[in-house]
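Take a look at the structure set out below.
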Amino acid sequence: MERKIYLDHNATTPVHPEVLEAMLPFYQEGFGNASSIHSFGREAKVALEESREKVARFLNADPLEIYFTSGGTESDNLAVKGVAWANKKKGNHIITSQIEHHAVLESCKFLEKEGYEITYLPVDRYGLVDHDELKKSIKKETVLVSIMHANNEMGIIQPIAELAGLAKEKGVYFHTDAVQSTGKMKIDVNELNVDMLSLSAHKFYGPKGVGALYIRRGVRLTPLAHGGHHEKSRRAGTENVPGIVGLAKALEIVHSDMQKEERRLKSLTETFFKKVTERIPDVFLNGHPVLRIPNTLNLSFKGVEGESIILNLDLKGIGVASGSACTSGTLEPSHVLSAMGVPGDLAQSSLRFSFGRSNSIDDVDYVVQLLPEIISKLRAMSPIYQK
Amino acid sequence: MAYSAKVMEHFQNPRNVGEIENPDGVGEIGNPVCGDIMKLYIRVKDDRVVDAKFKTFGCGAAIATSSMITELVKNKTLEEAEKISRQSVAEALDGLPANKMHCSNLAADALHKAIEDYKNRKKKNE
Ligand SMILES: Cc1ncc(COP(=O)(O)O)c(C=O)c1O
Ligand code: FES
């Protein structure tokens, strides 16, 4: 059988078997609508509220502050647009960064068309948002700062507590997209000092299409969808009970051995990086050398375009991602690499390896053994690579 | 996105990779869409393209179209070679995904530039 190695856990993860097992009953015997009064509904309602309590516990929040959504994208949209719309009287200025996920960036661009003013903070070459830049940008009209916790492409972790502190001093709401950090490291909304936080189940071995937004008590926010009184009228729509149960179960599982898994992944990525750079010349690490989630490595292989490497690895059963324009669908290189000032040809040459639970040191050895040949074959073909 | 079997075959086993020493014509094209680069070298004898080689920094489609065009152009008269269009390269590869059609331009444009280069060099020598 062909060997398959998945190194794209930042794109999505497989549902953990125990998560699936926890979800299944709520498609069949526990199918009730959580809003119904009868026993069928009550059973679903109990599962829903137990899940909410679990999620709250892992985030160190109150269950009343957890709102279930259809995923990271909706959570980000709700936070950004919701706060902008509800706080129009106070002001029309929002601050975010240039390296956010499109769910935040496009929400901001949409608001720009509505007349809001958006500041897109630059980052340094490691991908970090500058503390002083943020401080300078906050003004009287600012209603929201939205800066992501861990970046999906580079894995860079921003010093959220510090940045959020600046917003708090000025009485400005702070949202963080923690879609990539949740499940990979401890998340505590009070330590992070945030007012809102987005997460998505499929990034931590839960199902796709379900996520949550933590909204600190007192935050004013307009809903995106209007309808029934679900989620305290902030997110209308019959709750996806099996998905929500799966989300909570997945969080429980990743928290059960988080420190051990963090250490294991860190050692895998470090070993991988060491072996790759020993065997292949002209490989560069993108992002911050240490302020990174443990599973992510973004590397540029000078002189070769990312998609051509992906295809070669795919032929060997290995799944990775790239920030190259050729793979983006929009034919523009990664906005994150551009914001970090990575030159165009190196952005074209970037590959993202994101490790996860299924990976072992054997996978590292297997990929490290195949990669040099692929890179040298492509470099021999490259008009821009000189040894 | 799925590539045709033919694209994958050329991508895996690209023909005529490399450079020609003292070529009769060189065409270099940068892809304005995604910033990729292709360099095509030709050897011409008696108004016929007798050899072609390429170097490409680009995606799977760019590599496959480069490889295919070197095959298509070999042993063609200059007149025939000039008629090789963006479309004919894509067709020879059993098609390209819609968002990759611009990569086939890379190869055809590089070829036309190489022929132009050859003609310019010839004029200079005359
Ligand atoms: C940082 C970040 N934010 C938001 C999202 C969107 O999450 P979802 O796929 O659940 O909509 C993703 C995942 O692609 C992400 O990586
Ligand atoms: S060379 Fe960039 S998409 Fe083909």
Side-chain angles (χ1 to χ4, degrees), chain A residues 2 8 11 282 284 300-335 337-338 341-351 370 373-387, chain B residues 1-20 23 26-41 53-70 96-107 110 113-114:
Chain A
E2 195 206 345
D8 203 8
D282 299 316
F284 306 100
S300 282
F301 295 80
K302 195 174 167 51
V304 283
E305 187 280 325
E307 190 203 271
S308 64
I309 314 176
I310 293 184
L311 286 173
N312 271 299
L313 288 171
D314 186 39
L315 288 164
K316 307 278 186 198
I318 302 162
V320 302
S322 169
S324 151
C326 306
T327 59
S328 70
T330 60
L331 293 170
E332 281 184 24
S334 145
H335 64 288
L337 288 166
S338 307
V342 173
D345 65 318
L346 283 180
Q348 282 297 79
S349 305
S350 72
L351 276 198
L370 290 168
E373 199 184 320
I374 292 173
I375 299 299
S376 55
K377 179 182 157 190
L378 290 168
R379 279 182 176 165
M381 229 184 274
S382 170
I384 62 169
Y385 187 72
Q386 259 120 27
K387 255 181 238 155
Chain B
M1 180 201 61
Y3 285 134
S4 71
K6 200 106 171 237
V7 171
M8 284 312 289
E9 202 275 315
H10 272 265
F11 170 71
Q12 282 174 263
N13 309 294
R15 331 286 200 260
N16 309 308
V17 174
E19 298 170 13
I20 294 179
V26 184
E28 182 171 343
I29 288 283
N31 190 335
V33 185
C34 54
D36 293 325
I37 297 165
M38 174 181 182
K39 221 165 167 179
L40 189 80
Y41 303 78
K53 283 201 175 353
F54 79 91
K55 280 202 160 183
T56 292
F57 170 74
C59 72
I63 290 172
T65 53
S66 308
S67 164
M68 180 51 92
I69 210 157
T70 58
L96 286 171
N99 64 340
K100 292 287 183 178
M101 283 308 290
H102 70 276
C103 313
S104 65
N105 303 352
L106 204 61
K113 236 182 166 173

Need one label for A:Leu315: side chain, backbone, both or neither, based on atoms under 4.5 Å from any heavy atom in chain B. side chain
Applying a heavy-atom distance below 4.5 Å, give me the residues of residues 8-16 of chain B that approach chain A, sorted by number. B:Met8, B:Phe11, B:Gln12, B:Pro14
Against chain B, residues from residues 377-386 of chain A with at least one heavy atom under 4.5 Å, in numeric order, are A:Lys377, A:Leu378, A:Ala380, A:Met381, A:Ser382, A:Pro383, A:Ile384
By number, which residues in residues 56-63 of chain B have some heavy atom less than 4.5 Å away from chain A? B:Thr56, B:Phe57, B:Gly58, B:Cys59, B:Gly60, B:Ala61, B:Ile63
Please list, chain by chain and in numerical order, all residues satisfying ring pair (Phe, Tyr, Trp, His ring centres under 6.0 Å) with B:His102, sequence neighbours excluded. none
